[in-house]
Amino acid sequence: MPKKTSSSRRVLVTGGAGFIGSHTVDQLLAENVDVLVVDNLATGRIENLDAACTSPSFRFEQIDVTHSGTLSRILEAFQPHAIIHLAALVSVQESIENPALNFKRNVLATQTIIDAAQRGMVENIVFASSAAIYGDNPELPLQESAKKQPLSPYGGAKLASEALLLAAANTYKLKVTANRYFNVYGPRQDPKSPYSGVMSIFLDRFAQGVAPIVFGDGQQTRDFINVQDVARMNVLATKSNQSGFNAVNVCTGKSTSLLDILDELRLHFPDAPETVFKEARTGDIIHSLGCPNSARELLDFTASISLREGLAQYLQSTTRSSALLR
Ligand code: UD2
């Protein structure tokens with residue numbers, strides 16, 4: 001890989017071929033940042049980077065972030081100003097079935113990134129954390145200081161990673177932003193697993209003329225945030241002036257029930273079949289809502305895409321890609 005000589009900002013994105021990663025890459029490129037993506041393509045898809053691949057400021061390496069030697073070499077050649085670490089095992093269910101793999105991908109990988117950042121003198125790390133670290137906490141809206149009680153190995157690993165990053169920020173004087181994502185939705189989210197994001201599953205079923213399934217009474221609520229807002233937050237965090245470690249909720253502060261989403265979707269699919277209600281999933285959280293104030297105060301971030309607007313855009317992009325497939 002040629003050593004960079006340009007004076008533009010350089011950002012390494014791990015997991016850049018994924019759902020959130022690829023939107024983050026698109027926004028970095030739109031800001032004329034030089035971007036290097038490393039992704040093992042375990043769950044990421046190279047097609048998510050179709051637009052990025054046309055940019056001369058973009059490059060891609062198919063590697064696993066836990067391969068520390070390779071990662072260090074790549075970092076040394078690219079000399080990024082910031083790392084956005086999104087590569088992860090993303091399925092809560094898979095973390096329960098395979099906790100060792102969860103540890104490798106969601107804890108060990110974080111340490112590898114810290115080591116590489118420290119050796120490569122990268123000052124700024126942005127980390128994909130999750131509302132999963134709060135577990136089922138009734139003190140809504142959740143402040144960053146709320147009690148952490150993860151309910152899965154996935155949530156535990158995200159919390160452990162935050163602890164490693166906090167220590168690294170204190171020890172090596174790194175700047176770290178841990179973005180605690182709430183329920184992210186939007187184009188490129190994969191609807192294929194039963195544990196995929198509910199919005200992607202509903203949209204997929206409506207598009208196929210199949211009835212959506214609601215687990216429980218549909219009155220459970222979530223703080224849904226559009227992936228483009230999340231990507232904007234990732235980009236903002238690479239330019240953070242805040243010193244040390246900061247964890248921030250990436251959320252809207254607005255609560256939406258599944259029934260509300262179905263009503264909204266039915267505006268686009270008036271002939272869709274009736275909703276099927278099934279027993280609530282064991283361990284399902286009833287209400288989840290984040291407090292967005294810290295993100296605004298620390299990074300001047302406020303989610304700007306309303307659910308109505310975000311859903312309409314999502315729908316348009318899904319229709320476009322299915323038309324392309326035909
Ligand atoms: C989200 C995250 C998860 C973890 C967790 C922490 C996603 C996909 N998952 O899980 O990674 O961070 O938050 O709290 O973002 N549902 C249906 N029908 C369906 C699918 C889902 O009714 O076909 C329900 C599901 O039972 C739940 C709600 O929809 O009550 C949201 O489910 P989800 O899997 O999208 O997200 P969540 O909040 O459980």
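Both counts, for ligands and for their atoms, begin at 1 and track the order of listing.
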Under 4.0 Å and counting heavy atoms only, is there anything from the protein next to atom 36 (O) of ligand 1?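 Yes, because at least one protein heavy atom sits under 4.0 Å from atom 36 (O) of ligand 1.
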From atom 27 (C) of ligand 1, is the closest protein heavy-atom distance below 4.0 Å? yes
Consider every N or O of [X] and every N or O of ligand 1, then say whether any pair is closer than 3.5 Å.
{"X": "V214", "value": "no"}
{"X": "Q220", "value": "yes"}
{"X": "Y195", "value": "no"}
{"X": "I285", "value": "no"}
{"X": "Y154", "value": "no"}

Tell me every residue that passes side chain to side chain contact (heavy atoms under 4.5 Å, CB included) with N48, counting only those two or more places apart in sequence or in another chain.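 Once residues adjacent in sequence are excluded, the partners of N48 under the side chain to side chain contact (heavy atoms under 4.5 Å, CB included) criterion are S22, R45, R188.
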Only counting residues at least two apart or in another chain, list the ones meeting side chain to side chain contact (heavy atoms under 4.5 Å, CB included) with I96.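 In terms of side chain to side chain contact (heavy atoms under 4.5 Å, CB included), with neighbours along the sequence ignored, I96 is linked to V92, Q93, S152, P153.
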Going by heavy atoms in the side chains, are E162 and T110 under 4.5 Å from each other?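 Contact flag for E162/T110 side chains = no.
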Side chains of V65 and T112: does their closest heavy-atom pair fall under 4.5 Å? no
Sole candidate of D64, T43, N98 that passes side chain to side chain donor-acceptor pair (under 3.5 Å) when paired with R105: D64
Testing R180, K147, Q149 one by one against Y134 for a side chain to side chain donor-acceptor pair (under 3.5 Å), which residue passes?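 By the side chain to side chain donor-acceptor pair (under 3.5 Å) criterion, Y134 pairs with just one of R180, K147, Q149: R180.
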What distance separates N179 CG from S130 OG, expressed to the nearest 0.5 Å? 11.5 Å
Measure the CG-CZ distance between L36 and R10 for me, rounded to the nearest 0.5 Å.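 Reported value, rounded in 0.5 Å steps: 11.0 Å.
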Show me which atoms of ligand 1 lie under 4.0 Å from any heavy atom of [X].
{"X": "S130", "value": "12 (O)"}
{"X": "I213", "value": "17 (C), 18 (N), 19 (C), 22 (O), 23 (O)"}
{"X": "V92", "value": "3 (C), 4 (C), 11 (O)"}
{"X": "G197", "value": "8 (C), 35 (O)"}

Should the proximity of [X] to ligand 1, defined as any heavy atom under 4.0 Å, be assigned to the side chain, the backbone, both, or neither?
{"X": "A132", "value": "both"}
{"X": "V184", "value": "neither"}
{"X": "V198", "value": "both"}

Between [X] and [Y], a side-chain donor and acceptor under 3.5 Å:
{"X": "N106", "Y": "S161", "value": "no"}
{"X": "T177", "Y": "N246", "value": "no"}
{"X": "S8", "Y": "N32", "value": "no"}

Could you check which of R222, H287, Q93 puts a non-hydrogen atom nearest to atom 39 (O) of ligand 1? R222
Could you tell me if any non-hydrogen atom of S288 lies under 4.0 Å from any atom of ligand 1?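 Under 4.0 Å: no for S288.
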Report the nearest protein non-hydrogen atom to [atom]: residue, atom name, distance rounded to 0.1 Å.
{"atom": "atom 22 (O) of ligand 1", "answer": "F215 N, 2.8 Å"}
{"atom": "atom 34 (O) of ligand 1", "answer": "S196 O, 3.8 Å"}
{"atom": "atom 10 (O) of ligand 1", "answer": "N183 ND2, 4.3 Å"}
{"atom": "atom 30 (O) of ligand 1", "answer": "D284 OD2, 2.5 Å"}
{"atom": "atom 24 (C) of ligand 1", "answer": "L258 CD1, 3.7 Å"}

Measure the acute angle between the ring planes of Y185 and F224, then classify it against the limits of 30° and 60° as parallel, tilted or perpendicular.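 Ring orientation, 0 to 90° scale: perpendicular.
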Closest heavy-atom pair and its distance - P150, G156: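 The answer is CB-N, 3.5 Å.
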